[in-house]
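Structure first, commentary second.
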Amino acid sequence: MIASVRRAGSGAIPCTDDSPAIPRIPASTPGEERDFSTRVAHRIAASDGSLPTVSIARGQHVYNCTQRDRNLYLVKTGQVKTVAITASGKRCLLDLSMPGDLFGEMCLARSYRDETAVAMSNTTLTRISQDLFFATLQAENLFEAFTLHLAGKLSEQQRIIADLVTMESELRLVSRLLQLSRRLGEEHHQGVVISARLTQEELAEMIGTTRSRVGFFLKRLRAAGLITCNRGYITIRSVSRLASFVEERMALDGP
């Protein structure tokens, strides 16, 4: 099913700066964020030879919370999740990284990790040292593009935090599915397929509820004809209908 899909399009934000020195990358366009990541890796490879490649088996950790690691990573194949784990063992799934995505940028702010990165499938990564990354940004005049890349990630995280505070758990799930469809959606004749394979437990870690509650919500959404699930892949039958579901429920709940 997944092999026949194509990437869902998204509108680009027009730029007012006509200067060709720094390519403008809309912060809210996931495809362009991937383009920035791959451009950086290609330019490093062109100037510095081949970059280190790391193979991580499914379930193994790329790095752990509190570990000192001054590298960024580009996903070549597979998928990676970053999670925060409390002292009591509770988990919060922070982000997903798919082929073409750059992750681990927080190493630029501090020498130790606040989160744990885990391979969700057999994964191949390109490892980029902090020093080499900064040198490439400077040499290729990409600091503005990187700022826009980070701004896009920050904007996405702010929306997720707002949903956690303002929405009940079922609406948080629906909102997160819509967000994933915009970022990872692939058009298919049955609807928009979220290309990341996700378990109910991982969805629960995204929205702060239990696996059983997620199972119940997914069953309700399937019964309403809004989604289908197949071997961990979720297809949104109609993005507009699912978005209307959230709007109508929010209107009923009131302020």
Side-chain angles (χ1 to χ4, degrees), residues 2 5-10 12 23 25-45 51-58 60-63 69-84 92-109 113-130 132-133 136-137 142 145-160 176-186 192-198 202-203 205-206 232-234:
I2 301 299
V5 299
R6 59 185 176 85
R7 180 70 57 190
S10 57
I25 299 181
S28 61
T29 306
E32 296 293 349
E33 290 178 7
R34 285 195 176 91
D35 181 58
F36 166 77
S37 304
T38 54
R39 279 165 46 209
V40 168
H42 289 162
R43 293 185 186 188
I44 291 174
L51 290 169
T53 298
V54 182
S55 296
I56 307 292
R58 178 183 178 183
Q60 298 299 304
H61 294 187
V62 181
Y63 54 77
D69 177 35
R70 305 304 294 268
N71 298 292
L72 293 85
Y73 298 87
L74 179 72
V75 182
K76 297 179 69 175
T77 62
Q79 61 186 59
V80 174
K81 61 182 178 181
T82 51
V83 298
C92 174
L93 200 159
L94 301 171
D95 200 9
L96 299 173
S97 298
M98 306 295 288
D101 284 339
L102 187 73
F103 71 94
E105 298 97 330
M106 289 303 294
C107 77
L108 304 178
R113 294 292 184 181
D114 286 329
E115 77 284 2
T116 297
V118 184
M120 300 171 69
S121 61
N122 292 336
T123 297
T124 304
L125 307 170
T126 297
R127 185 171 60 213
I128 307 169
S129 71
Q130 182 190 83
L132 183 55
F133 183 76
T136 302
L137 293 185
L142 288 172
F146 183 52
T147 300
L148 293 173
H149 165 81
L150 291 180
K153 286 199 165 186
L154 177 61
S155 176
E156 181 178 284
Q157 291 301 314
Q158 286 179 330
R159 287 195 296 268
I160 291 171
R176 196 65 190 271
L177 292 178
L178 288 168
Q179 180 259 333
L180 290 171
S181 75
R182 290 190 295 269
R183 180 182 167 196
L184 305 175
E186 298 178 338
V192 176
V193 182
I194 296 172
S195 58
R197 187 174 186 177
L198 297 166
E202 287 164 340
L203 289 170
E205 292 171 358
M206 287 183 184
Y233 293 103
I234 296 175

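Note that the coordinates shown come from a computational prediction; the quantities given were computed from them, not determined experimentally. Below, all heavy atoms of this structure are taken into account, side chains as well, without hydrogens, waters or symmetry copies. For the single chain, residues carry numbers from 1 onward in sequence order.
Proximity of Thr126 to Pro52: side-chain heavy atoms (C-beta onward) are nowhere separated by under 4.5 Å. Here the side chains of Met120 and Arg58 are not in contact, with every heavy-atom distance at 4.5 Å or above. The side-chain heavy atoms of Val118 and Ile56, taken from C-beta on, include no pair separated by under 4.5 Å. Under the 4.5 Å side-chain criterion, counting only non-hydrogen atoms from C-beta, Asp95 is not in contact with Phe103. In this structure the side chain of Ser195 reaches within 4.5 angstrom of the side chain of Met98, judged on heavy atoms. Residues Leu72 and Glu105 meet the side-chain proximity criterion, which asks for heavy atoms closer than 4.5 Å. Side-chain atoms of Thr53 and Leu125, non-hydrogen and from C-beta on, never get closer than 4.5 Å to each other.
Residues Cys107 and Asn71 approach most closely at SG-O, 3.5 Å, considering heavy atoms. Looking at every heavy atom in both residues, Leu184 comes nearest to Ala196 through CD1-CB, 3.9 Å. Here the closest non-hydrogen pair linking Gly78 and Pro99 is O-CD, 3.1 Å.
The CE atom of Met206 lies 9.0 Å from the NZ atom of Lys81; values are rounded to the nearest 0.5 Å. Atom-to-atom distance recorded for Tyr233:OH and Ile194:CD1 is 12.0 Å, nearest 0.5 angstrom. Rounding to the nearest 0.5 Å gives a distance of 8.0 Å between CD1 of Ile234 and CG of Leu180. Here Phe133 contributes atom CZ and Leu102 contributes atom CG; the two are 5.5 Å apart, rounded to the nearest 0.5 Å. We find the CG-CD1 distance between Leu74 and Ile128 to be 5.5 Å, quoted to the nearest 0.5 Å. Annotation: the span from Tyr63 atom OH to Tyr73 atom OH amounts to 7.5 Å, rounded to 0.5 Å.
For the residue pair Gln179 and Arg176, a side-chain donor N or O sits within less than 3.5 Å of a side-chain acceptor on the partner.
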Run the side-chain contact (heavy atoms from CB on, under 4.5 Å) check on Leu96 and Leu198 step by step: do they pass?
CA-CA 10 Å; Leu96 299 173; Leu198 297 166; 3.8 Å; yes
Test side-chain contact (heavy atoms from CB on, under 4.5 Å) applied to Leu177 and Leu203, step by step:
CA-CA 9 Å; Leu177 292 178; Leu203 289 170; 4.3 Å; yes
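Between the side chain of Arg113 and the main chain of Gly104, a donor-acceptor pair closer than 3.5 Å is present. Put simply, the side chain of Gln79 gets close to the backbone of Arg197: a donor and an acceptor are under 3.5 Å apart.
Ion pairing between Lys76 and Asp101 fails under the 4.0 Å rule for side-chain N and carboxylate O.
Applying the side-chain hydrogen bond (donor to acceptor under 3.5 Å, both in side chains) test to residues at least two apart or on different chains, the pairs with a partner in residues 116-125 are Thr77-Thr124.
Qualifying side chain to side chain contact (heavy atoms under 4.5 Å, CB included) partners for Gln157, counting only residues two or more places apart in sequence or in other chains: Ile160.
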